[in-house]
Chemist: 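After the structure tokens below, expect a handful of questions from me.
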Amino acid sequence: MSVSAQPGMGARGLWALLAALRAGWCLLPQAGYLHPDEFFQSPEVMAGDILNLQVYYPWEFLSSSPCRTVVFPLMTSGITYWVIKSLQQLDICSSCINSYTLLVSPRLLFTIFSFILDYSVYRLAPSWEADPWKALVLLAGSYVTLVFYTRTFTNTLEGLLFALLMLLVSSRKPNGSLAEPTSGPLIGIVTTAGFFNRPTFLAFALMPLLYWAGFIVDSQRSTKTVINHFLKLVLCACFTAIVFITADTFYFTSVGLDNLYNIKKNSLFHVIGQLNEKMIVTPFNFLSYNLNPHNLALHGSHPRVTHFTVNGMMLFGILHILAIGAGCKMLKQYICQLMQVKSYYHGSSGLLLHSESKPTLLLFYFVPLAFLSLFSHQEPRFLIPLILPLVLFSTSQNRAMKWKYVIVIFNMLGALLFGCLHQGGLIPCLFRLEQLVHSPESSNYARHYTLLFAHTYMPPRSLLNIKKKDTHIEVIDMAGSEEETLCQAVEQRANDFTCSDCHVFVIIPGTFRATITKCGVSFLNETLIFPHLSMEDPPYLPFLFSGNWRSQLGLYILQLGRVQQSL
């Protein structure tokens, strides 16, 4: 083996290990809970519609305010839940539906889809003067890939569609020669699908579409051929939009899949009449809601520079800093050229196609970042699609190599924080509660369970695996209630004598454990689930250096004692 081949072989082996880690960590599963949207924009809705479980439907999926397409939830979580439901009905797997499969099966599908990123990087790297295997290692080793791209976020799908779009518009073959322009139909389908998944996809699609348009104009001598390319794109985009609109209109006017499956009982003319009366275009509803500053304020307002100064650093670390430094240098050089009146006009396609790869990749990164910064609500996960151009830029000319130890430590800490610690006790807690409420004792006796969650993220009720017809289990989400409100709710249930066999459990982080003791109630037992880090109720630093540090980084399951039981 030649010496020059050894680094490549080493990078291949490292990528294979990181790819196995990605799949294994999904199956483990990861306990970290990043944001309620990873459950409530897909798995929770499909668990209610397909598996007939008790769930909480978010407002975006209510027929009164349809702001999310149902197509992608059906194609991801819906398919996986249909599979495990079919396996159970066929007695191939008698207990296929449980908290583990409800959590892992949709994540596993997303994890498989995440390798679209790896394929895109491998194909695109030579075109942007980057080593394919080094780029793959940087991608697979990023905690963004390990944590975010193995979760059921619409942002994850947005990143995958962005990768496909960049692959489709690539104007060069892996050997560096110019390729034939990609025909418009696929680009139109991907762009429209991305728009219906998240309307913000247009911010990511802008530069790839301009790149493709510039290449089409430069490479085609006939105006008729150019028009033909654009016409195919528009027609396929319109057809894709019709498919999404039809599916969403069926779903939301039928109020869920239960009624949608029964629609065959109605006449075809009645169905067509429903579509004509109320055509639902979810992206327009989404934009109408989010363009209202008052609505965005309900979800949190941030300074316009949050993506540039905080979120980019939080997700990508030193890679974000390298991109900013190169962007400032490029901007300075461009201004100097303008001042010297050298090549004053090159045209947009010239800038994109004939310049070096560095400025183009920076535009792929910073243009979406700038557009997303126009909105006051800015969360880190909105930027995860940008990992693709950033990885390609960072590995071209070996920019990231001298920072490799910093990158490794940064990603290890990110994976630990977001993959394990952040709200990390809630999912294991739901696993335990699912076993409790479905235990033989609960099945043999008419026990009533009240599960009261306080100061945690929204608990995905689907993981409790409770059928809609089961009324003996009540889930109460107190969110971030004040001490007085929480104590009133706890005392009311502790002193409720109307139920002879009621069991009340309070789930609360260790940092809020002392508050419950002030409520004047007793506990039959308590269980500590470790680790659990609540950033909304952060641990007290002095306690972290004491013998009680585990309680500060844990989640408690407290079973309330009844007054008559304590006598």
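Along the sequence shown, residues are numbered consecutively beginning with 1. Just so you know, these numbers use all the heavy atoms, side chains as well, and skip hydrogens, waters and symmetry mates.
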Chemist: For the OH atom on Y122, are there more than 12 heavy atoms of other groups (residues, nucleotides or ligands in this structure) within a distance under 6.0 Å?
Modeler: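 Check fails, neighbour count at 12 or below.
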Chemist: Do the side chain of H455 and the main chain of I508 share a donor and acceptor less than 3.5 angstrom apart?
Modeler: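 Between the backbone of I508 and the side chain of H455 there is no qualifying donor-acceptor contact (under 3.5 Å).
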Chemist: Once you round to the nearest 0.5 Å, how far does CG of L430 lie from CG of L103?
Modeler: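 With rounding to 0.5 Å, CG (L430) is 9.5 Å from CG (L103).
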Chemist: Any donor and acceptor pair, going by atom type alone, linking the side chain of N311 with main-chain N or O of L383 inside 3.5 Å?
Modeler: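 Checking the backbone N and O of L383 against the side chain of N311, no donor-acceptor pair under 3.5 Å is found.
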Chemist: Between S394 (side chain) and V391 (backbone), is there a donor-acceptor pair under 3.5 Å?
Modeler: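 Flag not set: sc S394 to bb V391 has no pair under 3.5 Å.
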Chemist: Is it true that the side chains of N465 and S99 contain a donor and an acceptor less than 3.5 Å apart?
Modeler: no
Chemist: Within the 3.5 Å criterion, strictly below it, is a donor on E44 or S462 matched to an acceptor on the partner's side chain?
Modeler: yes
Chemist: Do L102 and M46 have side chains that approach each other closer than 4.5 Å (heavy atoms only, starting at C-beta)?
Modeler: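 SC-SC contact between L102 and M46 ruled out.
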Chemist: What heavy-atom pair brings L374 and R304 nearest, and what distance separates the two atoms?
Modeler: O-NE, 3.0 Å
Chemist: Could you tell me the separation between the OH atom of Y556 and the CD1 atom of I529, rounded to the nearest 0.5 Å?
Modeler: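 Answer for the OH-CD1 pair, Y556 versus I529, is 11.5 Å.
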Chemist: Let me know which of H532, Q423, E536 forms a side chain to side chain contact (heavy atoms under 4.5 Å, CB included) with P509.
Modeler: H532
Chemist: Using ring centroids (six-membered ring only for Trp), state whether Y33 and Y457 fall under 6.0 Å.
Modeler: yes
Chemist: Can you name the nearest heavy-atom pair linking M166 to L388, along with the distance?
Modeler: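 Of all heavy-atom pairs spanning M166 and L388, the closest is SD-CD2, 3.7 Å.
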Chemist: Look at the rings of F148 and F418 and say which category their plane angle falls in: under 30° parallel, 30 to 60° tilted, over 60° perpendicular.
Modeler: tilted
Chemist: For residues S105 and I84, report the shortest heavy-atom separation together with the two atoms involved.
Modeler: OG-CD1, 4.4 Å
Chemist: Would a 4.5 Å heavy-atom cut-off, applied to side chains only, mark L160 and Y149 as touching?
Modeler: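 L160 reaches Y149 side chain to side chain.
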Chemist: Between R107 and E38, does any side-chain N to carboxylate O distance fall below 4.0 Å?
Modeler: yes
Chemist: Measure the acute angle between the ring planes of H377 and F382, then classify it against the limits of 30° and 60° as parallel, tilted or perpendicular.
Modeler: perpendicular
Chemist: Distance to the ring centre below 6.0 angstrom and angle to the axis at most 45 degrees; does that hold for R22 and F115?
Modeler: yes
Chemist: Ring centroids only, cut at 6.0 angstrom: are F410 and W403 within range, meaning strictly under it?
Modeler: no
Chemist: Do you know which two heavy atoms are closest between T511 and P538, and how far apart they sit?
Modeler: CG2-O, 3.6 Å
Chemist: Sub-3.5 Å donor-acceptor pair from the side chain of N411 to the main-chain atoms of I407, do we have one?
Modeler: yes
Chemist: Given the rule in the side chain to side chain donor-acceptor pair (under 3.5 Å) test, do Q378 and S373 qualify, once you have shown the distances and angles that lead to the verdict?
Modeler: CA-CA 7 Å; Q378 301 186 13; S373 297; 4.5 Å; no
Chemist: Cation-pi check, R550 to F530: give yes when NZ or CZ is under 6.0 Å from the six-membered ring centre and within 45° of the ring axis, no otherwise.
Modeler: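 Yes, a cation-pi geometry.
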Chemist: Would the distance check show the side chain of N398 and the main-chain N or O of M401 forming a donor-acceptor pair, the cut-off being under 3.5 Å?
Modeler: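 A pair under 3.5 Å: no.
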Chemist: With side chain to side chain contact (heavy atoms under 4.5 Å, CB included) as the criterion, how do L74 and I79 come out once you've worked through the C-alpha distance, each side chain's angles and the decisive distance to 0.1 Å?
Modeler: CA-CA 6 Å; L74 278 171; I79 288 177; over 6 Å; no
Chemist: Identify whether NZ of Lys or CZ of Arg in R399 sits under 6.0 Å from the centre of the six-membered ring of F393 and within 45° of that ring's axis.
Modeler: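 R399 over F393 ring: yes.
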Chemist: At their closest point, which heavy atom of F201 faces which heavy atom of G194, and how far apart are they?
Modeler: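 Taking F201 first and G194 second, the nearest heavy atoms are CB-O, 3.3 Å.
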Chemist: Evaluate F366 against F371 for side chain to side chain contact (heavy atoms under 4.5 Å, CB included), listing each step before the verdict.
Modeler: CA-CA 9 Å; F366 282 115; F371 273 102; over 6 Å; no
Chemist: Under 4.0 Å between a Lys/Arg side-chain N and an Asp/Glu carboxylate O for R461 and D477?
Modeler: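 Looking at D477 together with R461, the answer is no, because their closest N to O distance does not fall below 4.0 Å.
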Chemist: Say whether T69 and T282, considering side chains only, have a donor N or O and an acceptor N or O under 3.5 Å apart.
Modeler: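 Result is no, nothing qualifies.
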Chemist: Any side-chain heavy atom of V121 within less than 4.5 Å of one from L138?
Modeler: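 No, side chains not in contact.
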Chemist: When you measure from the side chain of E60 to the backbone N and O of P66, does any donor-acceptor pair fall under 3.5 Å?
Modeler: no
Chemist: Using modelled atom types and a 3.5 Å cut-off, is there a donor and acceptor pairing between side-chain atoms of T306 and backbone atoms of H302?
Modeler: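 Not confirmed, T306 side chain does not pair with H302 backbone.
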Chemist: Check for a donor-acceptor pair, side chain of T456 on one end and backbone N or O of F453 on the other, with a separation under 3.5 Å.
Modeler: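 Pair absent, no side-chain N/O of T456 close to backbone of F453.
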Chemist: Find out whether T76 and T152 are in side-chain contact, i.e. whether some heavy atom of one side chain is under 4.5 Å from a heavy atom of the other.
Modeler: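 Counting from C-beta outward, T76 and T152 never come under 4.5 Å.
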Chemist: Quick one, L372 with F204, criterion side chain to side chain contact (heavy atoms under 4.5 Å, CB included). Give me CA distance, side-chain angles, the key distance, then yes/no.
Modeler: CA-CA 9 Å; L372 293 175; F204 297 97; 3.6 Å; yes
Chemist: Taking the side chain as everything from C-beta on, heavy atoms only, tell me whether P126 gets closer than 4.5 Å to P132.
Modeler: yes
Chemist: Counting only heavy atoms from other residues, nucleotides and ligands, does the tally under 6.0 Å from CZ of F375 exceed 12?
Modeler: no
Chemist: Does T145 reach the main-chain N or O of A140 with its side chain, forming a donor-acceptor pair under 3.5 Å?
Modeler: no
Chemist: Taking the side chain as C-beta and beyond, is there a heavy-atom pair between T154 and D37 under 4.5 Å?
Modeler: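 Side chain of T154 against side chain of D37, heavy atoms only: no contact under 4.5 Å found.
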Chemist: Any side-chain heavy atom of Y56 sitting closer than 4.5 Å to one from P459?
Modeler: no
Chemist: Walk me through it: do L34 and R381 pass the test side chain to side chain contact (heavy atoms under 4.5 Å, CB included)?
Modeler: CA-CA 9 Å; L34 300 177; R381 61 192 173 92; over 6 Å; no
Chemist: Counting the benzene-type ring for Trp, do F72 and F244 have ring centres under 6.0 Å apart?
Modeler: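 Distance test on ring centres: under 6.0 Å, yes.
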Chemist: Do T150 and L108 have side chains that get closer than 4.5 Å, going by heavy atoms?
Modeler: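 T150 does not reach L108 side chain to side chain.
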Chemist: Looking at S301, is its backbone amide N or carbonyl O close enough to the side chain of S376 to form a donor-acceptor pair, meaning the two atoms are under 3.5 Å apart?
Modeler: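 No, the answer is negative, given that no donor and acceptor are paired below the 3.5 Å cut-off.
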